[in-house]
Structure formats: structure tokens, C-alpha cells
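The block underneath contains the structure these notes are about, expressed in C-alpha cells.
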Amino acid sequence: MNKRVVIGMSGGVDSSVAALLLKEQGYDVIGLFMRNWRETDDNGSCTAEEDFCDVKSVSSTLGIPYYTVDFSHEYMDKVFMQFVDYYKRGLTPNPDVLCNKEIKFSCFAHYAKQLNADFIATGHYCNVLKSSEHTYLTRAVDENKDQTYFLNQVSEQQIENVIFPVGNMVKGEVRKLAEKYGLSTADKKDSTGICFIGERKFREFLANYIPMREGDIKTLDGHIVGKHNGVYYYTVGQRKGFGLGGAGNGEPWFVIDKDVEKNILYVNQGECDRLFSNEILTKSFNFITERPQNMEFRCQVRIRHRQPLQTATAKLEGDNVRIIFDTMQRAVARGQYAVLYNDNVCLGGGEIDIVK
RNA sequence: GGCUCCAUGGUCAAGCGGUUAAGACAUCGCCCUUUCACGGCGGUAACGGGAGUUCAAUUCUCCCUGGAGUCA
């Protein structure tokens, strides 16, 4: 009896090829398409429909059964509510990190278990490394596509029976393979935007959930230089979207800080020291596999997806971790995650709570 | 009210009789990207109005209009 793998199929190339590889490796493969957001996109079209068509197409090419499941209630409760709440509080949430923790490696995994799966799989670019007693999450071979950042909140238990078939491939190889096997998704554009929701005009999208509230845009020394529709729509370091142009030294303006209580957006023309920091405190840090032995250790860190790894010193402080970077970091946003690495191993991550 | 300046794209700002009327910031599009951002590359977009002078006016003169400053 072949081992059964339930693979999350999004309708993209990566999960298509992941399914292909599993099939080739002789697993009993079942495709599962998740539908977690019930709305059309900005253009009024429903990409979920198109994606599901691709899942059907690829599944039939591969000769595997497929199912569809709807976790939109769970997604709303466990991911989207917090997302909105964070923005209301002036933070910059990362819904995709939560989505992996709560939906893909939780709801999805439980559902797969009901289908008698021995393993679950996804098209994520990352890997698992097994030692005699532990399982570690490791970076993808394709540096450019590594998605471990988004998995920083999962637990060892959640990845113990997970297979990431494309984790040791580069994107080009994935597409070639898809083409070779005639998968309909071979040339499909990579999807971006919030997972399951897609690319949106962000402020307009947020305005559906957080009412606009006009306020002043001020310089750091208190001069009013414009008006905004709500500080929560903006992220520290942001340049576009508040219409400040001309005058001064001709440099672009950047968001430096936000005062949610007073509804003031602080900006500066050109980058300035206030935009940079080399020390942060993360809260309720999640170590995926094991808590480090030393209270203080050297490591690599990234504070945003795809940021090149930054060298730093980490200090354990209870459930929190203080991180002191070797070099200044630009636009550290509260609500995002600082994710630690020890070379290829992703140690885990914590939400950025305080930026010094 | 007198006098003196100023008037170019959304904003700031080059230009100094013949230019495809710079550039920056904003804005828009594309690229990058399973968060939000950053970033890269492109596009749209202007001579306040009316008379003159001149072969030729954004460029010179006058008037109007609209700003700014200054003086009783």
C-alpha cells in the first residue's frame, strides 16, 4: 500500500509540479483545493474559479483525484480578523504568516488526516531536515524563492509529516518540468498579494474594513504638510500614496512614524536616522524545533520576506527575544516578524513589538 | 492707495527670441513580490489672458487678472 499524500493545490505552477513529483515518486496523491476567501478581485473577476479550473486540469493530466474544501470561516476568524485589528492599532500585520500557521498547517492538515493522509504537501519553497530525533525547517535551494519567512510560526509537530517537493528545485526547473509534462499551469504567472485574497489596491481594500478618518500629515518638527485618510493605511518607510510632492530639496517623502491616537502621520523628506534601527524586541517568540541552549547567540535575521539575511545577536528574555543587528535596518515595522536563521535552518520568528 | 517684484505640468523648478519646453517630487502603468512596504523601468501632464515689436515669441514692451513684498 503506497503512502498517501494530500497536497494543497492552489492552481499555480509550484503546487502543480509538487503534485507531479509526488506522483512520480509513487505516492498515493490526492489534490486538495482550498477556497478561503469569498469575494471577487478588483477587476470583478473571481480568480478562485480560474485557479480551481487549473487544479482540475492538472489533476486530470496527472491522473489524481482532487477535492475542494472551504475554510473561509476559519480564515476569517483566525487570520483576517487579526489582520484588520492590527491595522486598526497602527501595526503592520503579516496575514500570510498566520495563514500558514492556522490554515495550511492546521485546518488543512486536520482535513488531510480525515482523508487518511500519511503526509501533507504544499508547493512552498522550503525544506524539512530530519535528524534522529528532530525535524527542522530549512531554507529553499532557490535563494530567490525561499518562503521560510512565511512559515516562521509553525511548530515542529506541524512540519513532521510535511513534504515540500519543490524545496530543492529552482523556479526555472519547476516551470520546465511543468512544460515537459504539459501541465496547464506551466506559464501561469506567479500569484502575489495576500494569500487567497490576491493583489488589491491596498488602501481601498482596507477601507472596506477600516473607515477612513482624515488627519494631518506632519513633519517630524510638527509642521503640517498635508492630509491623509487614516494613518492605519500606511506603513513605516512607505513612500507612495500620500501625494506629497515638490518643494523642499526635491527628495521623496517617507512615512517615519504614526500616532494612531492623534491620527497623525509623521513624514520626512528624504530618508533620515529615525527610519533606521539596529535593535528590536520581538514578543512570544516561536522556536520551531527547539529553544537554543544559550541565552545569547549569533544568528542571521530577516525582518521582511526576501530581505537578504542580516547578521545579528539574539538575546533570550523570557518568551521574548531581543535582536541586535550588526548593521542598521531600514523601516522596521511593528507587527511584522523577525525570523531567525542559523545558516540554512529557520529557527523561528517573533512579532516585532518594540523598535528602538 | 503709491512703489517694487513675480506668474512655466498636481507641486517645486530650469529656460534668458528659433528647444522634441529640462529635471525632481507627486500621479499612473509595467517589473519585482504569496504580507505591508522598499526598489527598478517607463508613461501622462505646463508656458494665466489680451494687445503689440519681430521673419520668429515661453523668452522683449504695454494693459488686464492673480499672487508676494514694501511705504505713509
Side-chain angles (χ1 to χ4, degrees), chain A residues 8-15 34 36-37 41-42 47-48 51 75 79-80 82-84 86-87 89-104 122-126 140 142-153 166 171 188-206 210 217 225-228 231-256 258 267-271 275-276 302-308 329-339 349 351-352:
Chain A
M9 294 182 74
S10 64
V13 230
D14 301 328
S15 55
M34 275 178 277
N36 300 337
W37 190 253
D41 66 17
D42 284 340
T47 50
D51 289 337
Y75 185 83
V79 178
F80 201 73
Q82 194 199 79
F83 167 81
V84 172
Y86 269 39
Y87 267 115
R89 288 160 49 198
L91 306 174
T92 305
N94 191 321
D96 290 356
V97 169
L98 266 189
C99 178
N100 282 316
K101 177 188 181 183
E102 302 289 351
I103 308 296
K104 292 176 186 162
T122 70
H124 280 112
Y125 282 88
C126 51
D142 190 336
E143 286 281 334
N144 202 42
K145 297 299 294 181
D146 177 52
Q147 290 173 314
T148 49
Y149 181 83
F150 290 115
L151 294 186
N152 79 78
Q153 287 296 300
V166 301
K171 187 79 187 194
K188 194 172 176 183
K189 192 181 184 306
D190 289 1
S191 66
T192 53
I194 300 171
C195 198
F196 297 118
I197 297 179
E199 204 70 61
R200 301 303 182 105
K201 290 188 176 179
F202 209 71
R203 265 171 297 145
E204 291 175 23
F205 176 68
L206 270 186
I210 308 175
I217 299 179
V225 289
K227 294 280 184 192
H228 64 76
V231 291
Y232 21 66
Y233 303 145
Y234 300 90
T235 293
V236 171
Q238 184 166 341
R239 164 176 174 170
K240 303 278 182 184
F242 41 97
L244 277 188
N249 53 21
E251 288 189 57
W253 294 76
F254 294 98
V255 173
I256 306 297
K258 333 194 258 186
V267 299
N268 188 66
Q269 189 168 29
E271 307 216 324
L275 201 52
F276 291 82
R302 59 167 55 114
I303 55 172
R304 276 192 167 84
H305 175 51
R306 281 173 54 81
Q307 179 194 26
Q329 301 296 306
R330 181 186 182 281
V332 186
R334 295 181 60 224
Q336 290 288 302
Y337 292 85
V339 179
E351 188 189 313
I352 298 168

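What you see below is based on every heavy atom in this structure, not just the backbone, and it leaves out hydrogens, waters and symmetry mates. To find a chain, count down the sequence lines: A is the first, B the second, and so on, and within it residues start at 1. Predicted model only: the values in this text are computed from it and were never measured.
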Once you apply the 3.5 Å cut-off to both distances, tell me the Watson-Crick or G-U wobble partner of B:U34, or none. none
Classify the ring geometry of A:Phe80 against A:Phe205: parallel below 30°, tilted from 30° to 60°, perpendicular beyond 60°. perpendicular
Does B:A72 have a Watson-Crick or wobble partner in any strand here, with both distances under 3.5 angstrom, and which is it? none
Pull up the glycosidic torsion of B:C25 and say syn or anti, syn being anything within 90° of 0. anti
Only pairs with both distances under 3.5 Å count, Watson-Crick or wobble alike; so what is the partner of B:A14 in this structure? none
Base partner of B:U44, which must satisfy Watson-Crick or wobble distances under 3.5 Å: none
Nearest-Å distance for atom pair CH2/C1', residues A:Trp253 and B:C12: 11 Å
Rounded distance in Å between the C1' positions of B:A45 and B:G10: 9 Å
Donor-acceptor contact below 3.5 Å, side chain A:Asp96 vs main chain A:Phe150: no
Determine which nucleotide pairs with B:U19, using a 3.5 Å limit on both distances of a Watson-Crick or G-U wobble pair. none
Base versus backbone protein contacts along nucleotides 29-38 of chain B [heavy-atom cut-off under 4.0 Å; B, S, -]: ---SBBBBBS
When rounded to the nearest Å, what value does the distance between P atoms of B:A57 and B:G48 take? 16 Å
Would you mind classifying the nucleic acid contact of A:Gly241 as base, sugar-phosphate or nothing, using non-hydrogen atoms under 4.0 angstrom? sugar-phosphate
Taking pairing as Watson-Crick or G-U wobble with both contacts under 3.5 Å, can you name the mate of B:A26, or confirm there isn't one? none
Which value, in whole Å, describes the distance between the P atoms of nucleotides B:C6 and B:A14? 13 Å
Across all strands, who's sitting opposite B:C5 as a Watson-Crick or G-U wobble pair, both distances under 3.5 Å? B:G67
Quick one: do A:Arg306 and A:Asp146 make a salt bridge, cutoff under 4.0 Å? no
Establish, yes or no, whether the cationic atom of A:Arg200 lies under 6.0 Å from the six-membered ring centre of A:Phe202 and within 45° of the ring axis. no
Between B:C12 and B:U20, how many Å separate the two C1' atoms, rounded to a whole number? 23 Å
Any strand, both distances under 3.5 Å, Watson-Crick or G-U wobble: B:U54 pairs with none
So, is the end of the A:Arg203 side chain (NZ or CZ) under 6.0 Å from the ring centre of A:Tyr232 and within 45° of the ring's axis? no
Checking all strands, does A:Gly250 fall into the base, sugar-phosphate, or nothing category for heavy-atom contacts under 4.0 angstrom? sugar-phosphate
From CG of A:Leu244 across to P of B:C12 the rounded distance in Å is 13 Å
CD of A:Gln336 to CD of A:Glu351: how many Å apart, nearest 0.5 Å? 9.5 Å
Between A:Asn249 and A:Gln269, is there a side-chain donor-acceptor contact under 3.5 Å, judged purely by atom types and distance? yes
Please state the C1' separation for the pair B:U54 and B:U59 - nearest whole angstrom. 13 Å
